[in-house]
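Right, one structure below, let's go through it.
The figures that follow rest on heavy atoms only: side chains count, while hydrogens, waters and symmetry mates do not. Since the model is a prediction, treat every value here as computed from it, not as a measurement. Just so it is clear: chains get the letters A, B, ... in the order the sequence lines come, proteins before strands, and each one is counted from 1.
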Amino acid sequence: MRYSKLFIPTLKESPAEAEVISHQLMVRAGMIRQLAAGIYSILPMGLRVLRKVENIIREEMNRIGGQEVFLPSIQPAELWKESGRWDFYGKELLRLKDRHDREFCYGPTHEDVITDILRKEIKSYRQLPVLLYQIQTKFRDEVRPRFGMMRGREFMMKDAYSFHAGEESARETYQDTATAYSNIFRRCGLEFKKVEADSGTIGGNLSHEFMVLANSGEDAVAFCDSCDYASNLEKSEARDPVPENDETAAQDLKEVATPGKKSVEEVCQFLSVPSKALVKTILFDTDQGLVAALVRGDRQVNAVKLKNLLDVEWAQPADEKLIAQKVGVPVGYVGPVGLKLKIYADREVALMKSMIVGANKPDAHFTDVQPGRDFKIEKPGDVRLIEENEPCPRCADGKYGVKRGIEVGHIFVLGTKYSSALNATFLNDQGKENLMVMGCYGVGVGRTAAAAIEQNHDDKGIVWPLPIAPFQVVVMPVNYSTDSVREASDHIYKTLWDQGIDALLDDRSDRLGVKFKDAELIGIPLQIIVGPKNLDSGQVEVKIRKTGESRLVPYPDFSGEIRNILNDL
RNA sequence: CGGGGCGUGGCGCAGCCUGGAUAGCGUACCUGACUGGGGGUCAGGUGGUCGGAGGUUCAAAUCCUCUCGCCCCGACCA
């Protein structure tokens with residue numbers, strides 16, 4: 001393709017609203033333009049990249065037996081009501097009405113539609129398993145879209161769904177998909193980690209995320225520096241606590257005045273004790289009502305782990321208004337002693353011999369409080385957030401590290417959540433009706449491209465990994481109006497094109513400096529610079545974007561060498 | 001949804017506090033000449049009615065009210 005004919009609106013400066021580097025560079029490189037919050041138009045340069053990512057995904061999904069489909073983006077409300085998600089999904093689900101006032105939604109995900117198809121068409125275990133996928137636009141009305149294509153409302157996603165006669169088959173496909181995903185992200189040139197994840201509102205009991213490590217990531221990833229345990233921070237387990245060897249005799253519970261001291265820090269300073277001597281009582285609102293969670297003063301509650309311990313649909317920290325209304329104690333002085341709520345304590349707290357807690361009245365705390373003696377723990381569990389450098393729960397010597405990550409893929413074994421809601425059954429080999437076991441698997445296409453930029457850029461612009469670069473090579477004539485230069489450039493360009501190499505010919509009349517700047521901004525992996533002097537000595541210059549390294553290769557005998565260089569990239 | 005910020009040619013910004021004549025600068029774009037290995041030089045040009053509506057005033061980009069949009073932090077989230 002000739003640069004002069006292409007629509008590549010590059011910018012010298014980033015728009016003020018672009019915060020993260022991938023967003024800035026995508027706009028500057030003429031890949032995308034914003035239409036509304038979280039909604040982007042994809043321009044030719046951007047689409048070339050997305051298509052390459054998609055094709056890698058297709059190849060790897062096909063390799064494990066996936067079959068591509070294309071499902072409707074607009075879906076009738078009835079189906080969502082039947083699965084129970086019309087109400088459960090909340091405001092993130094974009095709802096609309098047609099001219100007959102019938103309710104529809106724009107699909108944020110497609111479990112409901114695909115399960116509806118399969119329940120109608122699959123009758124026998126002989127037809128299972130089935131793995132179907134699609135690459136399509138999703139819409140999720142995110143409260144706060146941000147970071148360009150990293151978290152858009154409308155976005156391109158590969159979503160796959162599998163149906164099985166049993167759990168074992170589902171786990172096999174789950175593993176196959178995990179392998180496919182590793183291949184996809186490796187081929188996209190990404191450094192990633194597969195981590196254990198919470199399955200969240202999608203449901204199910206086995207789930208991993210594929211995280212690209214980058215500072216701009218919205219998730220935190222915890223991983224062991226010794227074994228291969230890695231997990232999303234919201235899922236990360238703490239090691240079993242060891243009981244304290246406290247020899248001091250048990251004291252009676254005492255009330256102490258702590259006027260105006262609300263925070264852990266204030267109370268501990270006031271009483272001259274370390275923060276781990278105190279226990280925080282955090283109230284959570286859940287679909288099963290208000291509960292109390294207890295963690296040590298120096299710890300944080302992990303709401304996801306708490307939610308799983310409670311086995312509830314949702315759990316969120318109660319706001320002050322709710323606490324005042326239900327408990328009547330100001331925040332900061334709530335404690336477990338005499339509290340008329342179910343109390344869930346972190347295992348650490350359950351093992352403590354003595355602690356300081358709020359006294360359930362303003363300006364007072366209790367000291368020498370003992371679990372069991374002074375209050376009852378409904379259920380102890382692992383409900384705290386882990387911290388960097390604390391011991392790994394899975395091996396003897398490992399320590400936790402924590403890094404930021406971008407979630408580019410997520411896989412789930414769903415079990416029968418959707419098949420039971422939508423009654424998707426089949427006859428097993430005994431002739432008995434069974435629920436299908438399902439799995440689902442997603443890759444964010446645009447997010448993968450954005451993540452690739454986050455990991456591969458420098459101060460000049462994008463440094464595309466070769467497999468997803470919009471063009472592999474750019475031919476840059478120093479002056480296209482010089483006959484010898486033009487002829488050589490055209491010839492090189494045509495030869496590359498004939499060999500199936502994505503080449504771009506920068507035939508613009510601009511000076512070479514302009515061409516360098518754009519080629520670097522757009523991130524084309526290889527530049528071939530055609531100048532009169534080198535041409536006279538039978539050579540052209542080849543420059544590698546990533547390293548800046550440049551070398552001369554013979555002309556007109558260039559193609560073997562170019563191919564070698566491309567192979568090495 | 002809470003907090004903060006911003007809307008002025010395509011992009012980046014100044015002007016607003018303290019109202020005043022043709023709304024300014026850089027860049028981009030167009031024309032011509034020169035130049036031709038790192039966003040080149042010179043000259044001449046095109047393009048905005050200041051997010052929108054209403055108000056105050058002799059006079060509004062500037063002051064007031066309402067409204068829309070965008071961004072950031074938080075809450076939220078496959």
Side-chain angles (χ1 to χ4, degrees), chain A residues 9-20 23-24 27-28 30 33-39 85 88-93 107-111 138 140-148 150-153 155 157-161 197-204 207-210 218-219 232 234-235 285 303-304 307 314-321 407-412 414 417-418 439-444 447 460-461 476-482 485 506 508-521 527 529-535 540-541 543 548 550 552:
Chain A
T10 59
L11 295 173
K12 285 189 179 178
E13 287 175 286
S14 344
E17 69 268 13
E19 187 80 2
V20 297
H23 185 196
Q24 292 177 3
V27 175
R28 285 190 56 207
R33 288 293 184 264
Q34 184 179 50
L35 182 64
I39 301 177
R85 291 213 288 181
F88 188 71
Y89 220 95
K91 287 186 176 170
E92 212 180 307
L93 185 65
T109 173
H110 282 72
E111 283 83 8
K138 300 273 185 279
R140 294 180 191 175
D141 202 356
E142 299 275 355
V143 193
R144 179 144 117 76
R146 60 184 141 181
F147 298 162
M150 209 96 97
R151 178 169 292 274
R153 290 194 291 171
F155 60 100
M157 180 175 179
K158 189 282 303 183
D159 47 322
Y161 307 91
D198 186 71
S199 39
T201 56
I202 280 277
S207 175
H208 283 84
E209 288 166 331
F210 289 77
E218 293 187 90
D219 290 282
N232 190 309
E234 63 183 26
K235 174 89 174 172
D285 193 18
V304 171
K307 190 197 85 171
W314 54 269
Q316 61 188 38
D319 56 35
E320 294 199 27
K321 229 169 83 186
E407 178 196 342
V408 288
H410 200 162
I411 58 179
F412 305 80
L414 291 172
K417 174 169 171 169
Y418 297 91
C440 78
Y441 322 89
V443 173
R447 194 183 277 184
K460 295 181 179 123
M476 306 197 306
V478 167
N479 184 340
Y480 197 61
S481 57
T482 304
V485 172
D506 196 343
R508 294 176 297 174
S509 60
D510 294 80
R511 301 171 136 239
L512 189 63
V514 175
K515 300 183 186 183
F516 271 125
K517 294 292 181 198
D518 277 334
E520 283 158 353
L521 176 60
Q527 302 160 358
I529 301 124
V530 184
K533 287 193 194 112
N534 283 332
L535 226 40
V540 290
E541 180 185 338
K543 192 168 178 186
S550 99
L552 295 169

Atom [atom1] of [X] to atom [atom2] of [N]: distance rounded to whole Å?
| X | N | atom1 | atom2 | answer |
| --- | --- | --- | --- | --- |
| Asp518(A) | G38(B) | CG | C1' | 12 Å |
| Gln527(A) | G38(B) | CD | P | 13 Å |
| Arg144(A) | G5(B) | CZ | P | 16 Å |
| Asp506(A) | G37(B) | CG | P | 15 Å |
| Glu520(A) | G37(B) | CD | C1' | 13 Å |
| Arg511(A) | G39(B) | CZ | P | 7 Å |
| Met150(A) | C72(B) | CE | P | 11 Å |
| Asp510(A) | U27(B) | CG | P | 16 Å |

pair [X]-[Y]: side-chain heavy atoms closer than 4.5 Å:
| X | Y | result |
| --- | --- | --- |
| Leu11(A) | Val27(A) | yes |
| Pro15(A) | His23(A) | no |
| Phe516(A) | Lys460(A) | no |
| Gln527(A) | Glu520(A) | yes |

Using a cut-off of 4.0 Å on non-hydrogen atoms, how would the nucleic acid contact of [X] be classed: base, sugar-phosphate, or nothing?
| X | answer |
| --- | --- |
| Asn232(A) | nothing |
| Ala18(A) | nothing |
| Phe155(A) | base |
| Gly531(A) | base |
| Ser509(A) | base |
| Pro108(A) | base |
| Glu407(A) | sugar-phosphate |

Rounding to an integer number of angstrom, what distance separates [N] and [M] when you compare their [atom1] atoms?
| N | M | atom1 | answer |
| --- | --- | --- | --- |
| G40(B) | G36(B) | C1' | 9 Å |
| U62(B) | U49(B) | C1' | 14 Å |
| G32(B) | C72(B) | P | 43 Å |
| A33(B) | G26(B) | P | 24 Å |
| C63(B) | G9(B) | C1' | 26 Å |
| C16(B) | C6(B) | C1' | 14 Å |
| G3(B) | G48(B) | C1' | 33 Å |
| A14(B) | U31(B) | P | 32 Å |

Taking pairs as Watson-Crick (N1-N3 plus N6-O4 or O6-N4) or G-U wobble (N1-O2 and O6-N3), each distance under 3.5 Å, the stems of three or more consecutive pairs with RNA chain B are B:1-7 with B:68-74, B:10-13 with B:24-27, B:29-34 with B:40-45, B:51-55 with B:63-67

Selected nucleotide, minimal atom distance to [X] side chain, candidates [options]:
| X | options | result |
| --- | --- | --- |
| Arg146(A) | G74(B), A28(B), G38(B) | G74(B) |
| Glu19(A) | U27(B), C72(B), G37(B) | C72(B) |
| Gln34(A) | G36(B), C70(B), G39(B) | C70(B) |
| Lys517(A) | G38(B), G36(B), C76(B) | G38(B) |
| Arg151(A) | C77(B), G36(B), G39(B) | C77(B) |

By side chain to side chain donor-acceptor pair (under 3.5 Å), Glu234(A) pairs with (sequence neighbours left out) none

Judged by atom type as modelled, is there a donor-acceptor pair below 3.5 Å linking the side chain of [X] to the main-chain atoms of [Y]?
| X | Y | value |
| --- | --- | --- |
| Thr10(A) | Arg28(A) | no |
| Lys138(A) | Gly444(A) | no |
| Arg447(A) | Met150(A) | yes |
| Arg151(A) | Pro145(A) | no |
| Lys91(A) | Asp141(A) | no |
| Gln24(A) | Glu19(A) | yes |

- Any Lys12(A) side-chain N or O less than 4.0 Å from OP1/OP2 of A28(B):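 For A28(B), OP1 or OP2 has a side-chain N or O of Lys12(A) closer than 4.0 Å.
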
Notebook entry, point to check: Does a salt bridge link Glu111(A) with Lys417(A), judged by any charged N lying under 4.0 Å from a carboxylate O?
Noted result: no

- Using the closest heavy atom to pick a nucleotide of RNA chain B for each, name whichever of Phe516(A) or Pro145(A) lands nearer the 5' end.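 Here Phe516(A) is the residue nearer the 5' end.
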
Contacts of Gln316(A) and Pro532(A) projected onto RNA chain B by closest heavy atom; the upstream (5') one is Pro532(A)

With B for base contact, S for sugar-phosphate-only contact and - for none (protein heavy atoms under 4.0 Å), nucleotides 10-16 of chain B reads -SSS---

